[in-house]
Protein chains: 2
Amino acid sequence: MTVLSLRPQAIPGRRERVRKATQRKADELLQTAAALMAEKGFEATAIRDVGRKLDASLAGMYYYFKSKEELLYQIQYRTFASLLQAQQQIAERPGTPKDRLRRLLIGHLTFFTSHPNEMKICTYELESLTGEYYNTVLELRRRYYRLMADLVAQLMTGPARKARASAHSRRVTLFVFGMLNWAFTWYSQAKDGTAEKLGGEMFDLVINGIGLEPLNR
Amino acid sequence: MTVLSLRPQAIPGRRERVRKATQRKADELLQTAAALMAEKGFEATAIRDVGRKLDASLAGMYYYFKSKEELLYQIQYRTFASLLQAQQQIAERPGTPKDRLRRLLIGHLTFFTSHPNEMKICTYELESLTGEYYNTVLELRRRYYRLMADLVAQLMTGPARKARASAHSRRVTLFVFGMLNWAFTWYSQAKDGTAEKLGGEMFDLVINGIGLEPLNR
DNA sequence: ATAGTTACCGAACGTTCGTTCGAAAATAAG
DNA sequence: CTTATTTTCGAACGAACGTTCGGTAACTAT
């Protein structure tokens, strides 16, 4: 049983203590590994390099995870679970569907600006996972997709007709995810401002499109 | 001098003949390599596997390219050059900025539906190239970006005010590329219809947004 | 047929990688 | 201090990879 695969509530009978310093090192390890994997990709990242960056040995890394794939899984699972929880809270807060969409867009971009490496890995490297690892992360991803898709569908079937809304709103949802995820490749705080501003612009585009037709007021 | 690095017009003094069957095999090699790299990623794709899929030997592959990186470069260069040329022609055809944007979106998606593997590689694996390879493909990518960015800027500074249009239209352009590129992860002909239909929906979103406000007519 | 070029392959090399193992060091408990 | 547990490491293994080399087969032109 390695450090990273331990649940916060210890399994009885196994492993008496995990020192607080070790937990902190585990977090630092995840962060460092995420930085390297975001830069060079999962396959191209060597565990030796993670160890080197932490001034630790190669073998010492295997005290924290039992395989390179589990390391990738832990990064993705923890990141996605954290994002999902934050966004579910945001979605539950009261407001019109419009308000809630705006808050979700800003929430996603805010999370991204604080964890760019981890988010890039969640976006690019799901398919580097296999078996249970893959299925578990995929399920989180699906839950997150539904969160957004339900809201978009609700938004579109409101004042408009209901027929054919499902297939079309699916694509609108995926357009939105495209905008969100592609931001990894270009966002710069200096050029593009805060997540709030960026999310606001994205929201305006989704609701009104480019401001071509003069707003009728 | 390998087969793939030969220009159509032969270099004098080097290499008398390249058989037509060999050119055909080179094309098949690029296609097969693209399929594997699109599925498993560049790093995770072994040249041995490309050879196996073509019923050829490992060493025989090196008659066609001189390094794995050159193989990746050739896939990206040829794909991007072909896309760029097609889209430049489309952009030059007469029409309002709106018409031309619509045609460009459909053109991109049409190209993508005929070359999904190659396009996925162009999107995901630019950073697996280095040096001159990287710079050359990057320059193609920039030219393609400008093609779209100029049109979006023209569209947005038209009926609207001109101030602040530049930084904002940059982001709208990148939103559009996000929608286009993310389609790799979800597009299905059966579910989503033709490239024309998809491009049309994307165009509508960019121009009018979700159809929330009743169209004023 | 034969000579010259083009296309291909078996075998091997050197490197890098993920993973394991046994032992040592560091830390906490009695 | 002594003992038990947690944490770290050096060394090594086997597998997989990109690349090279000398030779051979296939093809073309004369």
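Just so you know, these numbers come straight off a predicted model, no measurement behind them. Every chain is numbered from 1 and lettered A, B, ... according to where its sequence line falls, protein lines coming before strand lines. Computed from heavy atoms alone, side chains included, the values below leave out hydrogens, waters and symmetry copies.
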| request: Look at the rings of B/Tyr144 and B/His108 and say which category their plane angle falls in: under 30° parallel, 30 to 60° tilted, over 60° perpendicular. | output: parallel
| query | With a 4.0 Å cut-off on heavy atoms, is A/Ala46 in touch with a base, just the backbone sugar-phosphate, or nothing at all? | reply | sugar-phosphate
| query | Got a sec: does the CD of A/Glu139 have more than 12 other heavy atoms crowding it under 6.0 Å? | reply | yes
| query | Whole-Å distance between D/dT7 C1' and A/Asp55 CG? | reply | 16 Å
| Nearest-angstrom distance from the residue atom CG of B/Leu72 to P of D/dC17 | 17 Å
| task | Figure out the CG/P separation between A/Leu58 and D/dG10, and round it to whole Å. | result | 10 Å
| Rounded distance in Å - CZ (B/Arg48) to P (D/dC17) | 7 Å
| Taking only N and O in the side chain of B/Tyr62, is any of them less than 4.0 Å away from OP1 or OP2 of D/dT19? | yes
| If you pin A/Phe42 and B/Ser57 to their nearest nucleotides in DNA chain C, which one's is more 5'? | B/Ser57
| Would you say the side-chain atoms of A/Glu69 and A/Thr130 include a donor-acceptor pair closer than 3.5 Å? | yes
| query | For the side chain of A/Lys25, counting heavy atoms from C-beta on, which of D/dG18, C/dG18, D/dT8 is nearest? | reply | D/dT8
| message | Between A/Leu140 and A/Gln76, is there a side-chain heavy-atom distance shorter than 4.5 Å? | response | no
| request: Round to the nearest Å and state the distance from B/Met1 atom CE to C/dT6 atom P. | output: 13 Å
| query | Which one, D/dT20, D/dG18, C/dG18, comes nearest to the side chain of B/Ala59? | reply | D/dT20
| query | Rounded to the Å, how far apart are A/Gln23 CD and D/dT6 P? | reply | 13 Å
| said: Looking at D/dT7, I'd like to know if its phosphate oxygens (OP1 or OP2) sit under 4.0 Å from a side-chain N or O belonging to A/Thr22. | reply: yes
| Distance check: side-chain N/O of B/Tyr63 vs OP1/OP2 of C/dA7, anything under 4.0 Å? | yes
| task | Specify the separation, in whole Å, of atom CG of A/Leu4 and atom P of D/dT7. | result | 12 Å
| said: Tell me whether the side-chain N/O atoms of B/Tyr64 come closer than 4.0 Å to OP1 or OP2 in C/dA7. | reply: no
| query | Taking the six-membered ring for Trp, are the ring centroids of A/Tyr187 and A/Phe184 within less than 6.0 Å of each other? | reply | no
| message | How many whole angstroms separate atom NZ of A/Lys20 from atom P of D/dT6? | response | 16 Å
| message | On DNA chain C, does the nearest nucleotide to B/Met61 precede the nearest nucleotide to A/Lys66 from the 5' side, or the other way round? Give the residue. | response | B/Met61
